[in-house]
Chemist: 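Dropping a structure here in structure tokens format, bear with me for questions.
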Amino acid sequence: MSLGIALVGLLYFSTLDAASSPHAYTHAFTVTLVLNLLLSLLALAFVPPLRKAAAGPTGS
């Protein structure tokens, strides 16, 4: 989780760079929001396999 926060913060500030206009902040926020969405979808893709692994073998 900490790695994701660091990655999002790094992307935000590298997108923002030295600009300080409202448009630059909006653009950096939008890019970061898209990254958050992609990371959430990636995490969601791992949920079903993890549930199966946690349930254990289903044979007798």
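Nothing fancy with the numbering, it's 1 onward along the sequence.
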Chemist: Hydrophobic cluster membership, with links at side-chain heavy-atom distances under 4.5 Å among I/L/V/M/F/W/Y: are V31 and L7 in one?
Modeler: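 Same cluster.
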
Chemist: Only one of T15, T32, L16 clears side chain to side chain contact (heavy atoms under 4.5 Å, CB included) with H27; which?
Modeler: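 Passing option: T15.
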
Chemist: Using 0.5 Å steps for rounding, measure from the CG atom of L33 to the OG1 atom of T26.
Modeler: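 OG1 of T26 is found 12.0 Å from CG of L33.
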
Chemist: Are Y12 and L35 connected into the same hydrophobic cluster when the rule is that any two of I, L, V, M, F, W, Y join if their side-chain heavy atoms are below 4.5 Å apart?
Modeler: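 No; Y12 is not reachable from L35 via cluster members.
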
Chemist: Linking I/L/V/M/F/W/Y whenever their side-chain heavy atoms sit closer than 4.5 Å, directly or via other members, would Y25 and F13 fall into one cluster?
Modeler: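 Yes; F13 is reachable from Y25 via cluster members.
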
Chemist: What's the spacing between L37 CG and L42 CG if we round to 0.5 Å?
Modeler: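 Output value for this atom pair is 11.0 Å.
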
